[in-house]
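Report on the following structure.
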Amino acid sequence: MNEPSHPAFSSTPDLQISSANRDAMAPELEQLDRKVGWLIINRFTYKLMRVLGRLGQPEVDTSGVTITQVEGTGPGTYVVVPDKRVGSGAVLLIHGGGLVIGSAADVRLQAVNMCRRLGVPVICSGYRLAPESPFPAGLDDCQSAWQWLLDHAGEMAIDTAKVVIGGYSAGAGLAACLAQKLRDEGGQQPAAQLLIYPMLDDRTAARRELDKPRHRVWSNRNNLFGWSSYLGHQPAQDSAQYAVAARHTDLSGLPPVWLGIGTCDLFLDEGRTYAQRLTEAGVATEYVEAKGALHAFDMGGTEMGKAFVNMQLEFVQKFVS
C-alpha cells in the first residue's frame with residue numbers, strides 16, 4: 001500500500017515502539033487525555049460508567065440525514081439514511097466499550113458524518129453487553145443486524161455486494177469475528193472490513209507486564225475485566241470459536257481490511273500481528289499506525305483525529321460507491 005500523506009501516520013510499524021514500550025503522546029492529544037485518559041472499568045464501576053456514557057452523549061446534528069431506531073436486531077440499533085444518496089452500498093458500524101459498556105447511540109455522531117460524506121446508509125448495531133450477557137450474545141446481535149440489513153436491502157436500495165462492516169475498539173473486534181463467521185458459514189459476505197483500533201486478542205489481558213505503565217483511555221486492567229466478563233473465564237484460556245478474532249487460525253478468503261491504531265494504544269501489538277497475519281493469508285490489508293496516538297483519539301476533534309477519519313472514509317468509499 002502507499003504511505004499515508006499525513007506525517008503522523010505510517011503503514012510501516014516502528015518496531016522500537018510496542019505495547020510494552022509505549023510511545024510519547026502527541027502534544028495535540030493532551031487535552032483529550034486530560035478528559036478521558038483516566039477511564040477505570042471494573043466490577044465496581046462498569047454500571048456507573050454506562051450511566052455516565054448515556055448522560056455524556058453529544059448532540060447530533062441530523063441535517064441531511066434521517067435517523068430511525070429498528071427492532072429485532074440488538075438493543076438500540078439505529079439506521080442513518082442520507083437525504084442525498086451517492087453510493088449504492090452501506091456500512092454496518094459497531095460501537096466500542098470493551099464489551100462491557102457503550103451503546104449504538106455512542107457512534108451516532110460518527111455514523112452521521114460517515115453517512116453525509118459517503119452518501120450511503122449507515123446501520124449502527126447495538127448489542128448486549130457482558131458480564132450480564134457474555135459470548136455469544138454480542139456477536140449474535142451483530143449478526144442479527146447484518147441479517148436485518150440483508151433482509152431490508154431491497155427497500156433501502158442497497159447493493160448487498162457493497163456493504164462494509166466495521167467498528168471501533170471492541171466493536172472492531174466483533175466486526176472481525178463476524179467476518180470470519182460469515183465466511184465460514186458460506187453466506188453473503190461484506191465487501192470490506194473497517195477495523196479502528198480493534199480489540200482482537202484476549203491474550204493481551206493476561207500480560208501483567210502491560211499493567212504498568214498504565215495505558216491511557218483503555219488500560220490492561222480495564223482489558224482484563226472486559227475480556228473476562230465477555231468470555232466468562234480468565235483470558236488466555238481455550239475459548240469458543242468466534243469469541244476472539246485473533247484466535248481464529250485461518251484468515252484466508254476474508255474481505256479486504258483497513259486497520260488503524262495509535263502507537264500509544266494498548267492494542268498496538270495485537271493490531272500489528274493481526275494485520276501481518278491477514279497479509280500473509282493473502283487478504284488485501286491497509287495498515288496505519290498513528291504516531292503518539294491514544295486509544296479512541298479520533299473522537300476528540302483534533303486535526304490528527306480528523307485526518308485519521310479521512311483515511312477511514314477514503315477506504316470505505318472504494319467499496320460502497
- Message: Looking at E132 and R50, is there a salt bridge between them, counting it only when a charged N and a carboxylate O are closer than 4.0 Å?
- Response: yes
- Would you say the side-chain atoms of T263 pair up with the backbone N or O of G292, donor to acceptor, closer than 3.5 Å? yes
- Taking atom NZ of K35 as the centre, report whether more than 12 heavy atoms of other residues, nucleotides or ligands fall under 6.0 Å from it. no
- Give a yes or no on whether the backbone of I261 and the side-chain of E289 come within a donor-acceptor separation of less than 3.5 Å. no
- Task: State, without any angle test, whether R108 and H95 hold a side-chain donor-acceptor pair at a distance under 3.5 Å.
- Result: no
- R116/D61 salt bridge by N-O under 4.0 Å criterion: yes
- Hey, is D265 close enough to R22 for a salt bridge, meaning N to O under 4.0 Å? no
- So do V257 and Y287 actually touch side chain to side chain, heavy atoms under 4.5 Å? no
- Message: Contact between L266 and H295 at the side-chain level, heavy atoms closer than 4.5 Å - yes or no?
- Response: no
- Task: Decide, yes or no, whether a salt bridge links E185 with K181 under the criterion of side-chain N to carboxylate O below 4.0 Å.
- Result: yes
- Message: Ignoring hydrogens and geometry beyond distance, is a side-chain donor-acceptor pair present between E280 and Q276 at under 3.5 Å?
- Response: yes
- Task: Check the angle between the aromatic planes of H152 and W148 and answer parallel, tilted or perpendicular using the 30° and 60° thresholds.
- Result: parallel
- Salt-bridged, R203 to E270, with N to O below 4.0 Å? no
- Message: For R85, I'd like to know if atom CZ has over 12 heavy atoms of other residues, nucleotides or ligands within 6.0 Å.
- Response: yes
- Is the F267 to Y197 ring centre distance short of 6.0 Å? no
- Task: State, yes or no, whether a side-chain contact exists between N113 and V309 at a heavy-atom distance under 4.5 Å.
- Result: yes
- Message: Using 0.5 Å steps for rounding, measure from the CG atom of L178 to the OH atom of Y242.
- Response: 10.5 Å
- Just wondering, do Q312 and D298 contact through their side chains at under 4.5 Å, heavy atoms? yes
- Message: If you define the side chain from C-beta out and look only at heavy atoms, does anything of R208 sit under 4.5 Å from N220?
- Response: yes
- Message: Side chains of D106 and Q57 only: does a donor on one sit below 3.5 Å from an acceptor on the other?
- Response: yes
